Amino acid sequence: MGKNFLLLYACNIPVKGKESSAIYALSRGAVFHIPNSFFNMIKEWQKDPFDVVEFRYLEEMETYREYVDFLLSKNLAFFTDTPELFPPMEISFPIGEIIKSAIINYNGHYSFNQLIGSLNNLNCKLIELRFGPRIDSLAQLNYLLEDTKKTTIRHIDVFINFPFNYRQRELETIIESNRKLNSITFCLADTTLRKTIDNCSVNFLPLPHQELIKYRIPENTPLVNLDYFMESHFFNPLYNQQVYIDELGRIKNHASQKSSFGNINDTNIEEIVRSRKFQKLWQCEWEKKPWLKNSPLRYALYNPAPVKYIARQPQAETVAE
């Protein structure tokens, strides 16, 4: 391959901040912190031949070589004679379903079947079920999961207290008949154990689910993946296409909200989530948050939110000024 142009691989995207920049290595779940001078140089390589750019930095050749060596040693970039064959990745985010994911706290205070039916009408794909103490057997779990079959839901995570009459074979049967199950976490168990049954992650932990959920991802942890990166350009991933139902049936956009939009016992949830008022927080408004607007990690910063974006912890490397 020729060496006329130095290009980043399409999945490695540079983002400029006010005081520093970053390269998002989306396929690796990694972020590399770089100085703004490095970002500017990357932009020059995108449009001009390598030797032309190099000539501009004759008086800064040591730094220039350091930047080039960094990109090549980390396998972030490559040389080519045909840059037109390697266009940059298009920044876009498709909008399909009204509600993408739902967190459901259920303890028998509302119709589970009716709620799942509404989520199906909204094309919901991912749900997290957090069962209260009234749901205390595998038989009850299996009964409730029946409502999720023949729906648009494709991915289910379950938190449930360890059943008083737990039987391994019964659990295996439930998993075999509910292929949408991604994980089951038994809380308040008398042991700590993790295993996999038929591609479903099964966890036994001694803590209540409120504690497990609280500490899964620390606040402001960078999340680096393609979906989160693209969504962050157009929407606020903390709220976008999410719905949260608390134990009493109150409808919220997120668990952190103190007020609700109504209760599913007397309010049509489908009308609520389609309303402009409910979707107001979905919009991306970086310009109103200077600290975020100026950060090179604005497309990766995470605040406590639903589990669908949990990924490998990103690497973080820095190139010194």
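Bear in mind that the values here come from a model prediction, so they are computed numbers and not experimental data.
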4.5 Å side-chain heavy-atom contact, N178 and N142: yes
Heavy atoms, side chains only, cut-off 4.5 Å: are Y67 and T63 in contact? yes
Of R65, E62, E44, which meets side chain to side chain donor-acceptor pair (under 3.5 Å) against Y57? E44
Following the transitive rule for hydrophobic clusters with a side-chain heavy-atom cut-off under 4.5 Å over Ile, Leu, Val, Met, Phe, Trp and Tyr, establish whether I264 and L248 coincide in one cluster. no
Side chains of I104 and I116, heavy atoms from C-beta outward: is any pair under 4.5 Å? yes
Between R167 and E172, is the closest basic N to carboxylate O distance under 4.0 Å? no
Identify whether the distance between the nearest side-chain nitrogen and carboxylate oxygen of R274 and E271 falls below 4.0 Å. no
Quick check: do L71 and F38 have side-chain heavy atoms less than 4.5 Å from each other? yes
Test item: side-chain donor near acceptor, Y244 and S256, under 3.5 Å: no
Any side-chain heavy atom of F186 within less than 4.5 Å of one from L138? yes
Is there a donor in the side chain of N120 and an acceptor in the side chain of K150, or the other way round, less than 3.5 Å apart? no
Given Y239, which partner from the list Q283, H254, K280 fulfils the side-chain contact (heavy atoms from CB on, under 4.5 Å) test? H254
Would you check if the side chain of E128 reaches a backbone N or O of A102 as a donor-acceptor pair within less than 3.5 Å? no
Which of these passes ring-ring contact (aromatic ring centres under 6.0 Å, His included) with F229: F93, F235, Y299? Y299
Minimum heavy-atom separation for T152 and C124, please, with both atom names. OG1-O, 2.7 Å
Between Y166 and Q168, is there a side-chain donor-acceptor contact under 3.5 Å, judged purely by atom types and distance? yes
State, yes or no, whether a side-chain contact exists between L145 and L129 at a heavy-atom distance under 4.5 Å. yes
Compare every heavy atom of F278 with every heavy atom of I272, then report the nearest pair and how far apart it is. O-CB, 3.1 Å
Neighbour count >12 (heavy atoms, 6.0 Å) for atom NZ, K149: yes
Check: P163 main-chain N/O paired with D136 side-chain donor or acceptor under 3.5 Å: no
If only side-chain N and O atoms count, and only distance matters, is there a donor-acceptor pair under 3.5 Å linking N225 with D227? no
Closest contact, heavy atoms only, Q242 versus P237: NE2-O, 3.3 Å
Looking only at the aromatic ring of each residue, does the gap between the centers of F5 and F86 stay below 6.0 angstrom? no
